[in-house]
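Throughout, protein chains are lettered first and strands after them, A, B, ... in sequence-line order, and every chain is numbered starting at 1.
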Amino acid sequence: MTAAGWETVIGLEVHCELATATKLFCGCPNAFGDEPNTNVCPVCLGLPGSLPVLNRRSVELAMAVGTALHSEVRPSTFHRKNYFYPDMPKDYQVSQYDQPINVGGHLDLPDGTRIGVTRAHMEEDTGKTTHVGESGRIHGADYALVDYNRAGVPLVEIVSEPDIRSADEARAYVNELRAILVAIGASDARMEEGSLRIDANVSVRPAGSSVLGTRAEIKNLNSVRSLGRAVDYEVRRQIGLLEAGEKVVQETRHWNEDAGRTSSMRSKEEAYDYRYFPEPDLVPLAPSDEWRDAVAAGLPVLPADRRRSLAAAAGVAADDHAVVTVVALGLDDLVAAAVADGADPRLALNRAANEVAAAHVAPADVSATGFTTVLVMEGDGRLTATQAKQVLAEVLAGGGDPVVIAQARGFEALGADALTGVVDQVVADHPGEWARFKDGEAKLAGFFVGQVMAATQGKADGKAVTARLRELASR
Amino acid sequence: MVHVAVLARLALTDAEIDEFTGQLAAVLEHAADVAALDTAGVPPTAHPLPLVNVLRDDVVRPSLDRDEVLAAAPAAESGRFKVPRILGDAP
Amino acid sequence: MRHEWAPVTAVEIAADVRAGRRSARSVVEAHLEAIAAREPELHAFNLVLHAEARGAADEIDRRVAAGEDPGPLAGVPVALKDNLATRGIPTTCGSRILDGWRPPYDATVVSRLREAGAIVVGKTNMDEFAMGSSTENSAFGPTRNPHDPSRVPGGSSGGSAAAVAAGFAPLALGSDTGGSIRQPAALCGVVGMKPTYGVVSRYGLVAFASSLDQIGPFAATVADAAALLEAIGGHDPLDSTSIAGPAPRVSGVLGDGVEGLRVGVVRELTGGLDPDVAARMNEAAAALAGAGAKVDDASVPSVGLGLSAYYLIATAEASSNLARYDGVRYGLRVDPGPESTGDVTAMYGATRAAGFGPEVKRRIMLGTYALSAGYYDAYYGQAQRVRTLLIRDFEAAYAQFDLLLSATSPTTAFALGAKSDDPLAMYLSDVCTIPSNLAGHPAVSVPFGTGDNGMPVGIQLYAPALGEPVLFRAAAALERSAPR
Ligand SMILES: [Mg+2]
Ligand SMILES: [Zn+2]
């Protein structure tokens with residue numbers, strides 16, 4: 001994407017809501033979509049006199065994130081980050097500052113590119129503010145309404161090194177991170193529900209330079225697609241400025257999805273001074289070796305290793321698009337089960353990466369038996385590719401036995417013998433075309449397949465028809 | 001001091017700013033002994049107790065009744081706390 | 001001060017009520033009468049809970065009649081500092097900014113007192129957000145010293161100290177961040193004790209400076225203070241800084257005496273005392289020696305740095321703790337007016353400017369400054385290192401001594417208004433009490449005679465962390481040897 005002569009430098013800050021039952025410091029439910037201000041208590045409302053008590057599960061999930069990212073899991077402390085904003089009940093955020101729980105680490109993209117991880121620290125989420133007014137936007141709003149259900153939900157903020165070099169890499173990083181977070185059960189990582197949120201630090205520099213350019217921090221990236229678009233826009237904007245002899249200003253910029261551009265967020269800019277100091281209401285975390293080992297031992301096989309296994313089974317490269325998709329969606333167990341039961345590995349991989357993925361069904365809700373049966377039926381010619389897709393769609397939508405579904409749709413009737421009979425009859429009915437075909441007019445194969453399809457109401461497998469034609473012609 | 005008052009969200013009068021500036025200078029002068037102390041090698045004490053790893057189980061406890069919560073608020077609307085318009089994004 | 005019809009001690013009341021010799025209701029009525037007689041003059045309370053107290057007393061009497069255990073403090077009236085959250089009952093912290101706020105929950109100490117059978121008779125006046133040493137910084141007007149109403153009761157828990165001194169309740173709770181229990185106890189002639197940090201849960205104590213705050217007892221006698229500490233102390237899972245284990249057992253050791261105990265008089269805190277206070281301190285040391293203790297001079301060299309370190313740490317934490325009073329979720333909201341930008345930031349500024357009094361604003365400003373960019377290391381960071389030095393000095397002293405001793409306050413109770421215009425002079429009232437908060441150690445103030453003006457003098461005893469048993473043992477001995 002980057003114009004010749006320039007290099008793009010991107011670092012990402014990803015806020016991930018942890019999949020705990022309760023909030024970070026109180027027993028209120030950590031739930032999305034409930035009625036406003038129903039999951040609140042003295043602690044997460046910051047009522048005078050209330051005190052935080054740290055959720056053990058959130059610590060374990062944060063340690064799991066760090067372990068999966070090859071970070072060093074260290075003793076840590078919480079600080080207060082002081083600033084006023086209505087979505088923060090205490091007007092400070094409890095966050096980890098100079099002693100975060102996870103330090104260093106890396107994430108390998110499917111193509112093997114290694115992106116460094118600076119840190120992955122714990123902090124509390126804020127509430128949600130709705131701006132009310134004619135425009136529905138922050139500017140020009142008449143007033144705002146605040147819901148504290150999200151206030152105090154546990155977050156891990158994963159900060160990458162500025163190792164990302166393109167919008168594609170940024171997308172790949174987020175997709176891989178999301179796959180890891182889902183795989184280890186740390187988060188549902190749903191960007192549409194805000195449980196994964198991304199800020200991008202973007203700068204450009206002359207190709208070959210090792211000095212970092214001035215960066216802009218882009219906020220309001222609500223999807224991986226927005227991330228890619230925003231990075232592309234911002235890179236063009238910055239190169240444009242620099243090529244015009246102007247300077248990039250270090251600032252926070254807001255991505256506007258509709259307009260397809262970033263804009264400066266500076267209002268009456270006040271230099272932030274967060275006055276960090278150690279949170280006196282909490283004590284330090286000092287995970288023992290045993291605890292760290294237990295967390296590491298509890299981690300499942302990570303996506304990179306799963307891609308390697310799947311790619312080996314299907315005989316494709318580890319960064320094959322279908323492999324990446326299947327692992328990202330957690331469908332690799334489904335594919336492995338089908339292959340073990342006799343399905344063609346490539347076919348299983350592609351059906352999972354395309355048809356199953358498109359159905360947006362949770363992996364646990366996909367019938368492995370149904371999936372396998374469809375693939376086996378397709379593999380031995382009982383179903384055409386088109387028929388197999390239709391049967392699979394029905395299996396995914398509501399379940400059911402593929403054999404029954406195929407029968408109900410009238411798909412199953414045309415076995416290999418019946419097909420041979422139809423092809424032979426069509427050949428006998430068209431001697432002139434057959435002679436020309438035998439003489440080498442190969443495109444007439446299409447004519448015969450069409451005739452067979454017409455005679456069978458489309459139930460014939462095109463490949464099988466072609467094979468029978470070749471067989472007859474070679475006699 | 002004006003910057004400090006802005007950080008602290010205190011709309012002080014000019015008279016208050018003047019008064020506090022003088023008084024804070026006196027207190028900080030008294031604190032000069034602390035500021036000037038050679039503390040090389042002395043670790044800070046953030047906390048009088050040597051406790052670590054104080055944790056609770058991830059078990060849901062009852063939340064408060066929303067009506068009671070919002071009844072305490074200076075203004076509320078549609079189940080939410082109502083505040084004057086916000087001019088800037090959160091940092 | 002005590003009305004003749006009021007029973008002498010909490011321990012006696014509880015014993016009588018538990019045995020059915022006296023009804024809790026009659027105890028409550030006697031104390032409400034005492035309150036009616038002198039409260040208008042003293043203003044110890046922000047709120048007296050007549051109906052609630054009578055209802056709770058009747059419930060205790062019903063339990064006694066039914067043969068149920070009514071708890072160790074059955075029928076004992078207790079006054080609560082108004083920074084302890086009480087469910088459904090206004091909790092003001094002496095501030096306009098909490099106007100109308102009724103907490104939806106009880107502080108842990110309040111729940112424990114109710115379970116122990118104690119009867120909450122009211123919420124006591126205090127310096128706003130516990131910032132002060134005279135209770136003149138209350139938004140609701142000052143409290144006066146029962147021994148001489150032209151004088152202050154000390155602070156910030158002045159209402160609780162005055163309530164006990166005036167016989168309004170045999171027991172009261174206060175909070176102590178830099179001496180706010182011990183100094184008013186000394187000035188009002190009652191016992192006031194700050195436990196080891198973490199012995200009493202802070203859950204429901206509206207925070208001033210979280211790493212220094214502790215709730216503790218006021219009582220007319222050491223034995224009553226011991227009973228109250230036993231009722232409120234012990235681990236609380238709602239406070240991460242709560243120490244594991246039960247409350248310290250202190251009532252059983254009160255008669256053990258001080259024979260053989262090593263008591264050190266803190267040399268660095270003997271200067272700067274009023275001569276009459278210094279004289280009582282020396283007499284107290286001599287009295288303990290007379291009772292068999294080995295008394296000698298002790299040195300805690302960095303104690304002189306304590307005051308500055310304290311004001312930097314306490315105000316820094318306070319500036320953050322008090323940020324939440326912003327007019328959004330509870331309490332006061334002030335409209336910034338038509339000339340303002342009318343946005344939420346303007347509302348914050350107007351609300352906080354109108355809702356906080358001058359001392360609170362002053363400390364928020366100091367704390368914000370001490371934490372702000374460029375000053376953190378010089379002020380807050382340095383103060384935390386002084387804290388380390390002080391703890392090391394105490395450790396060295398406790399290698400030689402079981403207990404330390406000093407005056408509680410350099411002066412006896414001063415006249416209202418005497419120090420209002422000079423914050424630094426007021427801060428110096430706390431010079432002897434602050435070191436225990438910085439170290440997290442327990443300390444107690446015991447009445448010991450009077451000054452030249454006839455006002456009470458308090459003597460402070462300190463012990464190392466979790467040294468409550470030896471502290472109470474010595475406090476009881478000192479009480480026995482005090483002039484009457
Ligand atoms: Mg963050
Ligand atoms: Zn909560």
**OP:** Mind listing the closest non-hydrogen atom pair of C:G342 and B:P84 along with its distance?
**Re:** O-CB, 3.6 Å
Subject >> Contact class of C:L424 relative to chain B, heavy atoms under 4.5 angstrom >> reply: side chain
**OP:** Below 4.5 Å from any heavy atom of chain B, which atoms of C:S242 appear? Answer side chain, backbone, both or neither.
**Re:** backbone
Original post:
So which part of B:R80 gets closer than 4.5 Å to some heavy atom of chain C, the side chain, the backbone, both or neither?
Top reply: neither
**OP:** Quick one: closest heavy-atom pair of B:A46 and C:Q384, and the distance?
**Re:** CA-NE2, 3.3 Å
**OP:** Below 4.5 Å from any heavy atom of chain B, which atoms of C:Y105 appear? Answer side chain, backbone, both or neither.
**Re:** neither
**OP:** Name the region of C:A350, side chain, backbone, both or neither, that has any atom closer than 4.5 Å to a heavy atom of chain B.
**Re:** backbone
Original post:
Sub-3.5 Å donor-acceptor pair from the side chain of C:T388 to the main-chain atoms of B:T45, do we have one?
Top reply: yes
Original post:
So which part of C:L366 gets closer than 4.5 Å to some heavy atom of chain B, the side chain, the backbone, both or neither?
Top reply: both
Original post:
Which answer fits C:L307, side chain, backbone, both or neither, if we ask what part of it has an atom under 4.5 Å from a heavy atom of chain B?
Top reply: side chain
**OP:** Heavy atoms only: give me the nearest C:R333-B:A75 pair and the separation to one decimal.
**Re:** NH1-CB, 3.7 Å
Original post:
Is it the backbone or the side chain of C:I391 that comes under 4.5 Å from a heavy atom of chain B, or both, or neither?
Top reply: side chain
Subject >> Contact check, side chains of C:M347 and B:P74, non-hydrogen atoms, under 4.5 Å >> reply: no
Original post:
OH of C:Y376: more than 12 outside heavy atoms within 6.0 angstrom?
Top reply: yes
Original post:
Relative to chain B, which segment of C:R392 carries a heavy atom at a distance below 4.5 Å: side chain, backbone, both, or neither?
Top reply: side chain
Subject >> Heavy-atom pair count under 4.5 Å with chain C, highest-scoring of B:V34, B:V83, B:L70 >> reply: B:V34
Subject >> Among the listed options C:A383, C:G327, C:S372, C:G198, the residue most often paired with chain B at heavy-atom distances under 4.5 Å >> reply: C:G327
Subject >> Any side-chain heavy-atom pair of B:D33 and C:S308 under 4.5 Å >> reply: yes
**OP:** Write down the atom of B:L51, the atom of C:S240, and the distance for their closest heavy-atom approach.
**Re:** CD1-O, 3.8 Å
Subject >> Region of C:L238 that comes under 4.5 Å of a non-hydrogen atom in chain B >> reply: side chain
Subject >> Contacting moiety of C:V328, where chain B heavy atoms sit under 4.5 Å >> reply: both
Subject >> Considering all heavy atoms, the nearest B:E68-C:P104 contact >> reply: OE2-CB, 3.5 Å
Subject >> Rounded distance [0.5 Å steps], CG in C:D343 versus CG in B:L87 >> reply: 4.0 Å
Original post:
So do the side chains of C:D326 and B:R9 get within less than 4.5 Å of each other, counting heavy atoms only?
Top reply: no
Original post:
Relative to chain B, which segment of C:Y380 carries a heavy atom at a distance below 4.5 Å: side chain, backbone, both, or neither?
Top reply: neither
Original post:
Heavy atoms, side chains only, cut-off 4.5 Å: are C:L389 and B:L37 in contact?
Top reply: yes
**OP:** Would you indicate whether the side-chain heavy atoms of C:I364 and B:L10 approach each other to under 4.5 Å?
**Re:** yes
Subject >> Heavy-atom pair count under 4.5 Å with chain C, highest-scoring of B:A76, B:A5, B:A36 >> reply: B:A5
**OP:** Report the C-alpha distance between C:K361 and B:E19 in whole Å, list the side-chain angles of each, state the deciding distance to 0.1 Å, and finish with yes or no for salt bridge (Lys or Arg N to Asp or Glu O under 4.0 Å).
**Re:** CA-CA 11 Å; C:K361 290 184 203 174; B:E19 185 192 345; over 6 Å; no
Subject >> Worked verdict on B:V69 versus C:R329 for side chain to side chain contact (heavy atoms under 4.5 Å, CB included) >> reply: CA-CA 8 Å; B:V69 166; C:R329 291 157 299 278; over 6 Å; no
Original post:
Using a heavy-atom distance cut-off of less than 4.5 Å, which residues of residues 22-30 of chain B contact chain C?
Top reply: B:Q23, B:L24, B:A26, B:V27, B:L28, B:H30
Original post:
In terms of heavy-atom pairs under 4.5 Å with chain C, which of B:L64, B:T13, B:L49, B:V54 leads?
Top reply: B:L49
Subject >> Backbone N/O of B:A8 and side chain of C:R352: donor-acceptor pair under 3.5 Å >> reply: yes
**OP:** Indicate yes or no: at least one non-hydrogen side-chain atom of C:R387 is less than 4.5 angstrom from one of B:P48.
**Re:** yes
